[in-house]
Each structure stands twice: as C-alpha cells, then as structure tokens.
Amino acid sequence: MSGIRPVVVAANWKMHKTGPEVEPYFAAFRRLYRGRGGERVVVFPPFPLLEAAVRAAGDAAEIGAQNCHWEPSGPFTGEVAVSMLAAAGVRLVLVGHSERRQLFGETDEDCARKLRAVLVGGLSPLLCVGETIEERDAGRQRAVVIRQLTRALDDLPDEGAERLLIAYEPVWAIGTGRTASPEDAQAMHAAIRESLTTVLGARRAGRVPILYGGSVKPENAAELLGRPDIDGALVGGASLSPEAFASIAAAAPDRQGRA
C-alpha cells in the first residue's frame with residue numbers, strides 16, 4: 001500500500017536562520033536537488049521568515065509553519081492564527097512537535113484543537129507523536145504514541161484525512177545523535193498505520209504519509225526511508241545545511257508511477 005503515498009521530506013529549521021540566509025539556502029538547494037516529481041519537499045522556517053521562504057522556495061518546496069493557535073483571532077499576545085499563516089503563503093503546519101509538548105506544556109487536547117483549526121483554515125497539519133526515553137524503557141512507547149494519535153484525531157472530519165500527515169519522532173532521538181533502528185522505526189510506523197486504519201478506515205489510512213523524525217542524517221536516510229511504512233523524514237539539525245538536506249531528499253525512494 002505504500003506506493004499510493006508520496007514520499008515527504010521535511011526540514012524543520014526550529015529557531016535558526018535569519019532573513020539574509022533564506023535566499024542563499026533555497027538557491028543552493030535548487031542547484032543540488034532537482035526532484036523526480038513524485039515527492040513532496042517541505043520546509044518549516046521560523047515565523048519571521050515565512051514570507052521570504054515562500055518567495056525564495058518557488059516550486060522547489062512547500063512552506064510550513066512550526067506552530068499556530070487554535071483560535072481564529074483574539075487577545076493572544078505572541079500567538080499566530082491559521083488565517084495569518086495562509087495569507088503568508090503557508091501550506092502546512094506542524095502540530096504537537098515534541099519540543100512544544102515537552103518544553104511548552106502542550107497537551108493532547110491542545111494538539112487536537114490546533115489540528116482542527118489547521119484543517120478548518122484549509123491547510124495541512126503534520127501531527128507529531130513520540131515517546132520519551134522513560135516511556136520507552138518502561139515498555140509504554142506504543143501506548144503513548146497511539147494515545148497521542150487517537151486523541152488528536154478524535155472526531156476528525158471526513159475530508160480532514162485527505163490533508164493529514166503524521167510524523168513519528170521519538171523524543172530521545174531528537175537532537176541527540178541517537179536514532180531509532182530502522183526495525184524499531186518501521187514497527188512503530190506499522191502500529192500507527194494500524195491505529196489509523198481503526199480510526200479512518202483502510203482506504204483513507206492507506207493514503208496518510210507517516211514520516212520519521214529523530215536525528216535523520218544523510219548517512220542513515222536511505223535505510224530508514226526504504227522501509228515500507230516510512231514515507232519520509234522530518235529533519236531537524238541536518239536540514240539547516242542545504243547540502244545535507246538535499247542529500248537526504250535524494251535518498252528517498254522513487255514512488256512515482258507506483259500504485
């Protein structure tokens with residue numbers, strides 16, 4: 001079933017880069033990676049760089065935002081509404097990244113509200129799920145990930161599944177240099193797919209891309225992306241280099257024309 005889904009390779013710049021760095025980054029990336037036509041490339045810059053990234057990326061990448069608020073407007077100093085992101089040319093929004101959960105206290109309920117706001121606003125949510133090292137050591141990794149997933153997707157509107165993306169990112173592998181083994185990552189992706197099938201039905205679940213995130217590098221990208229239920233990568237530190245990110249994108253399997 002993996003062939004009906006596109007490969008999605010996404011760069012999360014987190015709190016890095018400034019305006020003058022945006023155009024050179026995309027100019028270098030375009031030189032290094034031409035694409036094959038069957039994959040999606042997405043870049044998630046910080047808020048102040050979104051419009052510059054939209055202009056600089058052109059057709060080389062879709063631009064996403066790293067966060068949003070669930071309300072359409074209001075007295076929420078420091079927050080950004082989905083409509084503002086859409087007006088800036090944003091196409092996707094990260095929801096529930098582990099750093100938002102761990103460092104800023106976002107709950108499953110917060111993630112559910114944000115995911116619905118993104119869908120109502122006409123954008124695509126990339127929902128992040130993943131366990132801590134303590135939860136993995138306790139053997140609770142699957143229960144934690146499935147809880148995060150199902151609570152976020154509870155009462156998901158039918159049309160929402162068409163724009164949904166998932167990223168499995170074990171918290172203990174983010175920015176640490178540690179990576180889940182391809183076997184462990186595949187096993188969790190298969191569990192997520194199984195849970196999606198329960199929630200969405202087999203047809204819709206089979207079309208949701210599930211990305212792996214957690215210290216993805218050019219050296220391990222091909223082995224991870226070659227697994228049947230790993231549909232792409234959410235890349236952190238390595239994505240700050242256009243050379244490294246282009247190398248990871250090039251390692252993704254070519255699914256164009258497969259059914």
Side-chain angles (χ1 to χ4, degrees), residues 10-18 42-50 53 63-86 88 90-121 123-138 140-141 143-154 156 164-178 180 188 192 210-216 233-240:
N12 180 11
W13 287 359
K14 305 188 181 185
M15 199 172 71
H16 296 284
K17 297 193 181 295
T18 59
V42 184
V43 176
F44 293 91
F47 285 139
L49 307 184
L50 289 174
I63 301 303
Q66 297 175 15
N67 190 26
C68 70
H69 197 277
W70 56 81
E71 291 290 347
S73 62
F76 305 107
T77 300
E79 293 291 338
V80 176
V82 173
S83 60
M84 299 173 184
L85 299 175
V90 164
R91 301 279 298 279
L92 301 92
V93 183
L94 285 179
V95 174
H97 189 279
S98 63
E99 290 162 0
R100 299 298 312 176
R101 295 178 189 263
Q102 298 294 315
L103 301 179
F104 300 99
E106 290 191 5
T107 65
D108 292 340
E109 290 70 28
D110 293 334
C111 295
R113 286 192 285 261
K114 291 184 179 188
L115 187 143
R116 278 153 188 73
V118 172
L119 291 173
V120 168
L123 304 183
S124 297
L126 174 49
L127 173 67
C128 302
V129 295
E131 81 281 5
T132 65
I133 190 60
E134 294 80 13
E135 290 164 339
R136 173 165 280 270
D137 288 346
R140 297 175 49 225
Q141 64 269 26
V144 168
V145 168
I146 299 308
R147 183 206 75 219
Q148 293 172 344
L149 180 72
T150 54
R151 288 186 179 177
L153 300 184
D154 186 39
L156 183 74
L164 176 67
L165 301 90
I166 306 291
Y168 167 58
E169 40 165 34
V171 178
W172 48 270
I174 297 173
T176 64
R178 296 177 62 185
M188 185 62 80
I192 292 171
I210 306 175
L211 286 61
Y212 173 77
S215 295
V216 178
L234 178 58
V235 187
S239 75
L240 299 177

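- For the pair Val90 and Leu123, the tightest heavy-atom approach, listed with the atom from each and the gap, is O-CD2, 3.3 Å.
- Put simply, SG on Cys111 and CG on Leu149 are 11.5 Å apart, with the number rounded to the nearest 0.5 Å.
- Every side chain to side chain contact (heavy atoms under 4.5 Å, CB included) that Leu49 has, sequence neighbours left out, goes to Trp13, Lys17, Val22, Pro45, Pro46.
- Separating the CD atom in Gln141 from the CE atom in Met188 is a distance of 5.0 Å, to the nearest 0.5 Å.
- Residues passing the side-chain hydrogen bond (donor to acceptor under 3.5 Å, both in side chains) test with Gln148, sequence neighbours excluded: none.
- Residues Ser124 and Val118 share a closest heavy-atom pair of C-CG1, 3.6 Å.
- Taking the side-chain hydrogen bond (donor to acceptor under 3.5 Å, both in side chains) definition, one finds that Trp70 meets it with nothing, sequence neighbours left out.
- Across Gly213 and Val216, no two heavy atoms sit closer than the pair CA-CG2, 4.4 Å.
- Take Thr132 and apply the side-chain hydrogen bond (donor to acceptor under 3.5 Å, both in side chains) test, not counting sequence neighbours, and it matches Glu134, Glu135.
- Evaluation of the salt bridge (Lys or Arg N to Asp or Glu O under 4.0 Å) rule for Glu106 yields Arg100, Lys114 as partners, not counting sequence neighbours.
- Arg101 places no side-chain N or O within donor-acceptor distance of the main-chain N or O of Gly130, the cut-off being under 3.5 Å.
- Under the side chain to side chain contact (heavy atoms under 4.5 Å, CB included) criterion, Ala10 pairs with Val42, Phe44, Leu211, Leu234, not counting sequence neighbours.
- The closest side-chain heavy-atom distance from Pro72 to Val82 is not below 4.5 Å.
- Interatomic distance, Leu94 CG to Leu126 CG, rounded to the nearest 0.5 Å: 5.0 Å.
- Between Ile146 and Val129 there is no side-chain heavy-atom pair separated by less than 4.5 Å.
- Within the 4.5 Å cutoff, side-chain heavy atoms of Leu115 are placed close to those of Leu164.
- When the salt bridge (Lys or Arg N to Asp or Glu O under 4.0 Å) test is applied to Arg147, the partners found at least two apart in sequence or on another chain are Asp108.
- Residues that satisfy the salt bridge (Lys or Arg N to Asp or Glu O under 4.0 Å) test with Glu169, not counting sequence neighbours, are absent from this structure.
- Checking side-chain atoms of Tyr212 against main-chain N and O of Ala180 turns up a donor-acceptor pair under 3.5 Å.
- Applying the side chain to side chain contact (heavy atoms under 4.5 Å, CB included) rule to Thr107 yields the partners Glu109, Asp110; only residues at least two apart in sequence or on another chain are considered.
- In terms of heavy-atom proximity, Ala117 sits nearest to His69 at CB-O, 4.2 Å.
- Gln66 is linked by a side-chain hydrogen bond (donor to acceptor under 3.5 Å, both in side chains) to nothing, counting only residues two or more places apart in sequence or in another chain.
- Listed by chain and residue number, Arg116 satisfy the side chain to side chain contact (heavy atoms under 4.5 Å, CB included) test with Ala112 (two or more places apart in sequence, or in another chain).
- Phe47 pairs by the ring-ring contact (aromatic ring centres under 6.0 Å, His included) definition with nothing, not counting sequence neighbours.
- Within 6.0 Å of atom CZ in Arg91, 12 or fewer heavy atoms from other residues, nucleotides or ligands are found, so the atom counts as exposed in its surroundings.
- Across every non-hydrogen atom of Val171 and Ser98, the tightest pair is CG2-CB, 3.7 Å.
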